[in-house]
2 protein chains.
Amino acid sequence: MDSDVLDRTFAALADPTRRAILARLAQGEATVTELAAPFAISQPAISKHLKVLERAGLVVRGRDAQRRPSRLDVAPIRLAVDWLEEFRSASEERFQRLDAVLADLRAERDGKSDDH
Amino acid sequence: MDSDVLDRTFAALADPTRRAILARLAQGEATVTELAAPFAISQPAISKHLKVLERAGLVVRGRDAQRRPSRLDVAPIRLAVDWLEEFRSASEERFQRLDAVLADLRAERDGKSDDH
DNA sequence: CGGGTTTATTACCTTGCGGTTTTATACCGG
DNA sequence: CCGGTATAAAACCGCAAGGTAATAAACCCG
């Protein structure tokens, strides 16, 4: 299912620490300790967050000796935005149809005949 | 904090049942039983999902006798899209800077022929 | 009033999340 | 080889999510 990707992506985004990590990674690669520095939580907690981001495909990890630098992959973000945009346009389309109906009613009331 | 809104919005979107409910509501108001019909889960489960969507501000509920029709509010969606777009543009901006650096390096190499 | 319909509430279960501390692993440099 | 550094893994905790079944509450209609 493609739905699982959205599940994991939205779930990954639903945490402020993880969003901050992503924002930091938007500036470029970073190691775990670099990522952990701004936060008041422990290093294993950050590693867990990274694993969540990795499972969502938002983060890819490399290897540089002891370090495991993380870098971004925005592909899942694109999928999420696509879903949101399609959803929003679907709901707006509905309002356009509603507007059309209201316009028809107005036209009929004002005596103008057959237009649809 | 404005972050809580994002937390709740992304968390609400991280469930396929809730995304389906939202897609259904994009077509117009619906009652709980109407929303529950397509799913194999019980009515209280749907009511719980609706409460999650309501807490995220994505759904507003009315009253029509026994019925509690749900309708959409896309405002939190807009916030989520805003965050995603800003994030994506931030990461892309970084790649532009990287491109600029690489171009500089190339220019220097081609110009001064002063390699090491 | 009383029965039917719609929805919410309650109590409960299981699973997973976000955090901790502690311990193990892997690697570098002197 | 040894000490320091960076990261992962394990075991545990509290708590909330997502589900169930059963019951209550609110409302219409005959």
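Naming: A, B, ... by sequence-line order, numbering from 1 per chain.
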Please indicate whether B:Arg55 has more than 12 foreign heavy atoms, meaning atoms of other residues, nucleotides or ligands, lying under 6.0 Å from its CZ.
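Count not over threshold, so no.
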
Take the protein atom [atom1] of [X] and the nucleotide atom [atom2] of [N], then report the distance between them rounded to whole Å.
{"X": "A:Arg68", "N": "D:dA9", "atom1": "CZ", "atom2": "P", "value": "8 Å"}
{"X": "A:Ile41", "N": "D:dT7", "atom1": "CD1", "atom2": "P", "value": "15 Å"}
{"X": "A:Asp15", "N": "C:dG16", "atom1": "CG", "atom2": "C1'", "value": "14 Å"}
{"X": "B:Leu13", "N": "D:dG18", "atom1": "CG", "atom2": "P", "value": "12 Å"}
{"X": "A:Arg61", "N": "D:dA6", "atom1": "CZ", "atom2": "P", "value": "14 Å"}
{"X": "A:Asp7", "N": "C:dC17", "atom1": "CG", "atom2": "P", "value": "12 Å"}
{"X": "B:Asp4", "N": "D:dA16", "atom1": "CG", "atom2": "P", "value": "14 Å"}
{"X": "B:Leu35", "N": "C:dT7", "atom1": "CG", "atom2": "C1'", "value": "12 Å"}

Between [X] and [N], is there a side-chain N or O to OP1/OP2 distance below 4.0 Å?
{"X": "A:Thr31", "N": "D:dA6", "result": "no"}
{"X": "B:Arg18", "N": "D:dG18", "result": "yes"}
{"X": "A:His49", "N": "C:dC17", "result": "no"}
{"X": "A:Lys51", "N": "D:dA9", "result": "yes"}

On DNA chain C, more 5' by nearest nucleotide between A:Ala11 and B:Val32 is B:Val32

Next item on the list: For A:Thr33, answer base if it contacts any base atom (sugar-phosphate contacts may also be present), sugar-phosphate if it contacts only those atoms, and nothing otherwise; contact means non-hydrogen atoms under 4.0 Å.
Entry: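 Counting heavy atoms under 4.0 Å across all strands, the contact made by A:Thr33 is with sugar-phosphate only.
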
Original post:
Is A:Ser47 touching bases, backbone alone, or none of the nucleic acid, heavy atoms closer than 4.0 Å?
Top reply: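 The residue A:Ser47 makes sugar-phosphate contact but no base contact.
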
Going by side chain to side chain contact (heavy atoms under 4.5 Å, CB included), A:Leu58 matches just one of A:Ile21, A:Leu22, A:Asp73, A:Leu25. Which one?
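Result: among A:Ile21, A:Leu22, A:Asp73, A:Leu25, A:Leu22 is the only option passing the side chain to side chain contact (heavy atoms under 4.5 Å, CB included) with A:Leu58.
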
For this session: Please assess A:Glu29 against A:Glu34 for the test side chain to side chain contact (heavy atoms under 4.5 Å, CB included), listing each intermediate value before the final yes or no.
Result: CA-CA 10 Å; A:Glu29 264 192 14; A:Glu34 283 167 357; over 6 Å; no

- Between B:Gln43 and B:Ser47: side-chain donor-acceptor atoms closer than 3.5 Å: yes

We want to know whether A:Arg67 and A:Thr33 form a side-chain donor-acceptor pair, criterion being a heavy-atom distance below 3.5 angstrom.
no

What's touching nucleotides 24-30 of chain C from the protein side, N or O pairs under 3.5 Å?
from, atom 1, to, atom 2, distance (Å)
C:dC28, O4', A:Gln66, NE2, 3.0

**Study point:** Donor-acceptor pair under 3.5 Å, A:Gln43 side chain vs D:dA6 base
**Key:** no

For B:Arg68, is there any backbone N or O sitting under 3.5 Å from a side-chain donor or acceptor partner on B:Arg61?
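Side chain of B:Arg61 to backbone of B:Arg68, a donor-acceptor pair under 3.5 Å: yes, one is there.
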
Tell me if a side-chain donor or acceptor on A:Arg18 pairs with a main-chain N or O of A:Ala11 at a distance below 3.5 Å.
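Present.
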
